[in-house]
Amino acid sequence: MSRAIGIRPQPDQVADELAIRSLAYAFCDAANRRDTVEFELVWDENGIWEIGAPLHSVATGATEITAHLLELLKPFEFFVQQVHSGVVAIHGNSATARWWVQETARALGGQPYDNHAIYEDELVKRDGTWRFTRRSYRYVWLDLKSPIGGQAVK
Amino acid sequence: MSRAIGIRPQPDQVADELAIRSLAYAFCDAANRRDTVEFELVWDENGIWEIGAPLHSVATGATEITAHLLELLKPFEFFVQQVHSGVVAIHGNSATARWWVQETARALGGQPYDNHAIYEDELVKRDGTWRFTRRSYRYVWLDLKSPIGGQAVK
Amino acid sequence: MSRAIGIRPQPDQVADELAIRSLAYAFCDAANRRDTVEFELVWDENGIWEIGAPLHSVATGATEITAHLLELLKPFEFFVQQVHSGVVAIHGNSATARWWVQETARALGGQPYDNHAIYEDELVKRDGTWRFTRRSYRYVWLDLKSPIGGQAVK
């Protein structure tokens, strides 16, 4: 996506880029709060959610993906995804994006989960609404051993 | 705020959303630098700043809130707030927002402060300028015990 | 930049602000992936990249800066820069920005590198494209001793 770097977007591109950025933030916000209604809304009906090695899994379709989210989060006393810098490239009604993400969590038994990763995304716009058609989570660094202290606050 | 997820905003909504996102970033930037002039500017005159359990406190009005910030930061050798993904919902001249935030700090005596939290916000636009009427900080995870190493750099 | 806080931007300012924010994200994304082609594109031809005490260095010009990036990243098994809240002030075809950043890395020999810092930026727009004319990285907190666990994932 190198040609877009630094180039001032056109007004209609601005609205699309902001919608796409907000969608990645809505994914994070819904996942962290385990809000299944809002989480399902970020996905295209036939979307694909892939988590990479060494914790590989794939789920397909908004309904199955949302069930998979709950299953993945079930062991955790707390789970926080942090979304950092993202780059977005828009081509008409489709787009790609890439995000730098950190996830920190602790299972009820104390098992730690901490990682840096990249989300590689594909999106589509239908009737003025952007959805994810594919999200691929690729771990860059993963720590399942170093203890995480502190207390979950309810 | 589920109905807005993924929907491409109108041009005037784009400007409002960007102003609101920038306001949350300006809060963070001013707090981290202990810049009281800029910090006071993010607040509506009658704004309310609430920090939740187990470190509950409330301050009301831009002036009192700014004094409270300095009091809260006084013990810290360094303090860094990191703002991550936010979701924003705009309704005319008022808005709500929710942010995922991490704060990391160490008191002069070595006491650590590390946490993940949510900022729940209410905002108002007067004369084309957005301000916070309410920010509620809710801890999700809090660690006041695990030592934080490293050196503050002046 | 206090006068801009909370003020709803004009449509043309919206496009400029989004381009500048995306440029800081593109810097991060390219650096983390060691993508020299994209990294060089974020810099003005005569740009200056300064890293502050206690790890001071300066590089000048997009080509030299890109070579310097590779040199700096060479020792690291993994390196992740995280970009958080940024404030942007635009004045016609020039702009300034300030970002809160964390960098976490581990050298192949196990040497840790973890820090919070500020990027102070100057930018220029030429032919509709924003580039950095200066980036100054100022450490706020630096930890070169506390071990970083976990595994890099290839």
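Throughout, a chain's letter reflects where its sequence line sits, starting with A, and its residues are numbered from 1. On a predicted model such as this, the values are computed, not experimentally measured, just so you know.
- Listed options C:Arg106, C:Arg33, C:His84 were ranked by heavy-atom pairs under 4.5 angstrom with chain A; first place goes to C:Arg33.
- A donor-acceptor contact under 3.5 angstrom links the side chains of C:Gln82 and A:Gln102, judged on distance only.
- No side-chain heavy atom of C:Asn32 sits under 4.5 Å from any side-chain heavy atom of C:Phe39.
- Across all their heavy atoms, A:Phe78 and A:Thr104 have their closest contact at CE1-O, 3.9 Å.
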Side chain to side chain contact (heavy atoms under 4.5 Å, CB included) evaluation trace for A:Trp100 with C:Asp29: CA-CA 8 Å; A:Trp100 289 82; C:Asp29 179 65; 2.9 Å; yes
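- Under the side chain to side chain donor-acceptor pair (under 3.5 Å) criterion, C:Asn93 pairs with no residue at all, not counting sequence neighbours.
- C:Ile5 places none of its side-chain heavy atoms less than 4.5 Å from the side chain of C:Ile7.
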Apply side chain to side chain contact (heavy atoms under 4.5 Å, CB included) to the pair A:Ile51 and A:His56, showing each step before the final yes or no. CA-CA 5 Å; A:Ile51 296 171; A:His56 185 71; over 6 Å; no
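- Residues of residues 60-77 of chain C lying under 4.5 angstrom from chain A, judged on non-hydrogen atoms, do not exist.
- No side-chain heavy atom of C:Glu103 sits under 4.5 Å from any side-chain heavy atom of C:Val80.
- The most heavy-atom pairs under 4.5 Å with chain C, out of A:Pro54, A:Ser85, A:Gly52, come from A:Ser85.
- Using a 4.5 Å cut-off between non-hydrogen atoms, the part of residues 10-28 of chain A that approaches chain C consists of A:Val14, A:Glu17, A:Leu18, A:Arg21.
- For residues 107-144 of chain C, a heavy-atom distance under 4.5 Å to chain A picks out C:Lys125, C:Gly128, C:Thr129, C:Trp130, C:Arg131, given by residue number.
- Of the residues considered (A:Ser146, A:Gly86, A:Ala53), A:Gly86 shows the highest number of contacts with chain C, using heavy-atom pairs under 4.5 Å.
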